Amino acid sequence: MATEQASGKDGLTKARRDIVALGIAAAAIILFVGTGSAVLPKIVEQWSSGTSGGPNMLLTNALLLNIALIIFGWRRYRELRGEIETRRVAENRARELAEIDALTGCYNRRSITSETDRAIARAHSNGKAIVFIMIDLDNFKQINDLNGHQAGDEVLVRAAERMSTLLPDEAILARLGGDEFAIVLSYDANSPDHVEQFVARLIDSMSTPMTIRNQQVQVTMSIGVASGMSGRHGELSEVDAQALLHQADIAMYHAKRQGKNRYFWFEKTMESELRLRNQLESGIRHGIERGEFVPYYEQQVDISTGELKGFEMLARWNSPHLGMVNPEVFIPVAEEVGVIGDLSEGLIKQAFHDALEWDPALTLSVNISPVQLRDPWFAQKILKLMLECKFPPHRLDIEITESCLHDNIGVVRTMITSLKNQGVNISLDDFGTGYSSLTQLRTLPFDRIKIDRSFVAELTGVDASSRIVEAIVSLGTGLDLPITAEGIEDDKILETLKALGQMKGQGYHYGRPESAGAVRERLAAAGLLLEGKPKAPAARDQSAPGKNRKSA
Ligand code: C2E
Ligand code: CA
Ligand code: CA
C-alpha cells in the first residue's frame with residue numbers, strides 16, 4: 001500500500017517533467033523550422049560557391065541548440081515509452097493480485113461482484129437471464145484434517161480445474177474463499193433445464209475420486225442456484241450481484257441441510273427457514289451457557305425377567321422459548337456449529353451425578369456423536385470426567401452409531417481401545433441402519449449391539465416376524481455379542497422378542513424417557529436409590545415426573 005502511494009508521487013513528478021520535455025521538444029522543432037529555413041540555404045550556398053562569410057554566428061548557434069533539443073526530446077520520448085510499458089505491466093499484475101485467487105487462478109470474492117454486475121448488464125442487452133451458482137465442497141474440513149492442508153489445497157485446485165473444463169463461453173468461475181466457489185452464466189430464462197443440466201454435470205464431474213498423494217479422496221458438492229426468481233420459473237425481478245450471491249448462498253445451505261451432494265434453486269421460503277435456523281443456533285449456544293440442556297433417562301430392562309438393568313441418557317433442551325425440544329432437532333445443529341462436544345460433556349457430567357445416586361448395579365448408557373469421535377482427545381475427556389465425578393468406568397456404556405465407523409476407522413479403533421482398557425463398555429447403536437461390515441464387527445471390540453427400533457417396529461403385525469431382527473439376533477449369538485432391542489412399544493413385540501432369546505430391551509412399553517427427578521422417584525419406590533446422597537439441584541428437574549410410566 002505504502003509503496004503504491006510512493007510510486008504514485010514519483011509518477012506525478014515524472015509526468016510533469018514529461019510535459020515540460022514535450023514543450024521544449026515542440027518549441028525546438030518550431031524554432032528549427034524557422035532558423036533552419038533561414039540558415040541552411042546560406043550554408044549550402046557557401047559550401048557550393050566556396051566563399052567565406054557564412055550565416056550569422058548567432059543563427060548557427062541557435063540551429064545547433066535546436067538540434068540538441070530535438071535529440072533530447074527524442075530520447076525523453078523513448079524513455080517515456082519504456083516507463084509506460086513497465087507501469088502497464090505493474091498495474092496488470094496489481095489488478096491480477098486484487099482480482100484473481102492465487103491458488104486456483106479463478107476470480108476471487110472481490111472481483112466476482114463487479115464481474116457479475118457486468119454479466120447481468122450484458123445478458124439484459126441480449127435478452128437473457130443470469131444465474132448465480134454457489135458451490136461448497138462437502139466435508140472439506142475433514143479432508144484437510146485427515147490429509148493435511150497441502151492436500152486440501154490440491155483438492156481445491158483439482159476441483160477448480162474440473163469445473164472450469166465444463167464452463168460455457170463467457171461464464172465466470174470464482175473462488176470465494178475456503179472451499180466455496182461460484183459460477184455465473186447467462187441462460188434463456190424459458191429454459192431453466194439448461195442450467196439444471198449444467199449443474200448436474202458439475203456434480204457428476206466430482207464423482208470420480210481424486211488421487212492426491214497416493215490417497216483416494218472423494219469430493220462432493222452442495223450447490224445453490226439463484227436467478228432472481230423464486231424457484232426455477234416465475235417473475236424475473238431486478239437483482240444485482242449482491243442479491244444473487246445472497247440468494248444462492250441461502251439455497252446452498254438448504255442443499256447442505258437436505259443431505260449435501262445436491263442442488264437447490266433459491267426459493268423465498270428458504271429465507272425464513274434460515275432465520276429460524278439462525279435463531280436455533282444462537283439459542284443452542286446460549287442454552288449451553290445457561291444450562292438449559294438436561295439429561296432424560298430411558299429404562300433398559302432384561303426382557304425375560306423384567307429386571308431393570310440401567311438407563312440410556314437422552315438429551316433434552318428445556319428452551320425458554322421453544323419448550324422441551326427433542327435431540328433430533330438440536331443435535332445436528334450442535335454438530336454443525338461445533339458445540340456438540342461441550343453440550344455432550346455437560347450432559348454426561350450431570351448424568352454421572354444423577355447415576356451416582358442410583359443402585360451401583362445400574363448402568364448408564366450415553367450416546368456419542370460421530371463428530372465427537374473425530375476429536376483425538378475424546379477418550380481422555382471422558383476418562384477425566386469419570387475421574388472428576390468418581391464414576392466407576394464399568395457402569396458406563398458408550399453408544400456409537402455405525403456412521404462413526406466410516407469416518408476414520410483407525411482413530412475410532414484407538415479411541416475404543418483406550419476407553420475399553422479403562423473398563424468402559426462400548427455398544428454399536430442403531431445396528432442395521434448403516435454399513436458396518438462383518439469384518440468391522442469382528443475386529444472392533446464392541447461389547448453389545450443394539451437393534452435399531454425401525455426393525456423392532458416390524459414385529460407388530462398379526463403374524464409378526466422380522467427376518468432382519470432374527471438375522472441380527474443370530475449374528476449376535478455367532479459373534480458372542482449381547483443384544484439390546486430398542487423401541488419395544490407393546491406386549492406383542494416383547495413376546496416375539498422373548499421367543500428369539502436372551503436380550504436387553506427398552507422402549508415405550510417400559511416407559512417414556514423421564515427426568516432425573518422422576519427416575520429418582522421410580523428408584524426410591526423400588527428400593528434402588530442409595531440413601532444419604534445429596535439430591536441433584538432442584539432447578540434441573542423441570543418435568544412432571546412419572547408421565548406414561550409402566551413398571552418394568
Ligand atoms: P437413539 O439412541 O436411538 O435413542 C432412542 C430414541 O428412541 C429416543 O428418542 C427415545 O425417546 C426413542 N424411543 C424410545 N422408546 C421408543 C419406542 O418404543 N418407540 C419409538 N418410536 N421411539 C422410542 P430421542 O430421545 O428423541 O432421541 C433421538 C436420538 O437422538 C437418539 O436415538 C440418539 O441417537 C440421539 N441422542 C439423544 N441424546 C443424545 C446425546 O446426548 N448425544 C448424541 N450425540 N445423540 C443423542
Ligand atoms: Ca442410543
Ligand atoms: Ca437407536
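Whatever order the structure lists ligands and atoms in, that order sets their numbers, starting from 1. Remember, predicted model here, so these are calculated numbers, not experimental data. The basis for the numbers below is simple: all heavy atoms, side chains too, and nothing from hydrogens, waters or symmetry mates.
Of the N or O atoms in Q506, none lie within a sub-3.5 Å distance of an N or O in ligand 1. Polar contact with ligand 1: absent for P327 (N/O pair, distance under 3.5 Å). Checked against a 3.5 angstrom limit, the closest N/O atoms of Q372 and ligand 1 fall outside it. Residue E489 has at least one nitrogen or oxygen atom sitting less than 3.5 Å from a nitrogen or oxygen atom of ligand 1, judged on distance alone. Close N/O approach between E312 and ligand 1 is found [any backbone or side-chain N/O within under 3.5 Å]. For ligand 1, one of its N or O atoms has an N or O atom of Y508 under 3.5 Å away.
Using a 4.0 Å cutoff on heavy atoms, E335 does not count as a contact of ligand 1. Residue contact annotation: K450 has no non-hydrogen atom under 4.0 Å from ligand 1. Residue contacts with ligand 1 include G487, since one of its heavy atoms falls under 4.0 Å from the ligand.
Taking 4.0 Å as the cut-off between side-chain N and carboxylate O, D138 and K260 do not count as a salt-bridged pair. Salt-bridge annotation for R374 and D145: absent, with no side-chain N of the basic residue lying under 4.0 Å from a carboxylate O of the acidic one. Of the charged side-chain nitrogens involved, at least one lies within less than 4.0 Å of a carboxylate oxygen, so that K309 and E307 count as a salt-bridged pair.
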Only distances under 3.5 Å count here; give the side-chain donor-acceptor pairs of residues 327-349 to other protein atoms, sequence neighbours excluded, each with its distance to 0.1 Å.
{"from": "E335", "atom 1": "OE2", "to": "S369", "atom 2": "OG", "distance (Å)": "2.8"}
{"from": "E336", "atom 1": "OE2", "to": "R277", "atom 2": "NH2", "distance (Å)": "3.1"}
{"from": "S344", "atom 1": "OG", "to": "Q372", "atom 2": "NE2", "distance (Å)": "2.9"}

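Residue T443 comes nearest to R413 through the heavy atom pair O-NH1, 3.5 Å, listed as atom of the first residue, atom of the second, then distance. For the residue pair T401 and L428, the shortest heavy atom distance occurs at C-CD1, 4.1 Å. Heavy atoms only, all atoms of each residue included: I488 and G505 are closest at CD1-CA, 3.7 Å.
One finds the CZ atom of R201 at 12.0 Å from the CD1 atom of I203 (value rounded to the nearest 0.5 Å).
Other residues, nucleotides and ligands contribute only 12 or fewer heavy atoms inside 6.0 Å of the CD atom of Q150. The environment of K498 atom NZ is dense: over 12 non-hydrogen atoms of other residues, nucleotides or ligands sit within 6.0 angstrom. Other residues, nucleotides and ligands contribute only 12 or fewer heavy atoms inside 6.0 Å of the OH atom of Y253.
Taking only non-hydrogen atoms, the option from I348, L314, T401 nearest to atom 31 (C) of ligand 1 is L314. Summarising the contacts of atom 43 (C) of ligand 1 with T433, V456, I331, the nearest heavy atom is found in I331.
Of the heavy atoms in S369, both backbone and side-chain atoms come closer than 4.0 Å to ligand 1. Only the side chain of R316 comes within contact range of ligand 1, with a heavy atom under 4.0 Å; no backbone atom does. Contact annotation: for N367 versus ligand 1, heavy atoms closer than 4.0 Å belong to both the backbone and the side chain. Proximity of H509 to ligand 1, defined as any heavy-atom pair under 4.0 Å, is not found for any part of the residue.
When the ring pair (Phe, Tyr, Trp, His ring centres under 6.0 Å) test is applied to W358, the partners found at least two apart in sequence or on another chain are Y297, F311.
Among the backbone and side-chain atoms of D430, no N/O/S atom is found under 3.0 Å from the Ca ion (ligand 2). Using a cut-off of 3.0 Å, one finds that E486 contributes no N/O/S atom close to the Ca ion (ligand 2).
Of the residues listed (I426, V366, N425, L385), the one engaging L396 in a side-chain contact (heavy atoms from CB on, under 4.5 Å) is V366, and it is the only one. Here the options are Q299, E486, R453, E312, the test is side-chain hydrogen bond (donor to acceptor under 3.5 Å, both in side chains), and the partner is Q506; only E312 passes.
Note: angle at the Ca ion (ligand 2), from OD1 of N367 to OE1 of E399, is 90° (rounded to 10 degrees).
Less than 4.0 angstrom separates some heavy atom of D429 from each of these atoms of ligand 1: 2 (O). Residue D430 approaches ligand 1 through these ligand atoms, each under 4.0 Å from one of its heavy atoms: 3 (O). Ligand 1 places these atoms under 4.0 Å from at least one heavy atom of I368: 44 (N). Residue contact check: E328 has heavy atoms under 4.0 Å from atoms 28 (C), 29 (C) of ligand 1. Every atom of ligand 1 is numbered from 1 in the order shown, and the set under 4.0 Å from a heavy atom of E486 is 3 (O).
Both the sub-6.0 Å distance and the 45° axial angle are satisfied by R512 relative to the ring of Y508.
When you scan the N, O or S atoms of E312 for the one nearest the Ca ion (ligand 2), you land on OE2. When you scan the N, O or S atoms of D429 for the one nearest the Ca ion (ligand 2), you land on OD2.
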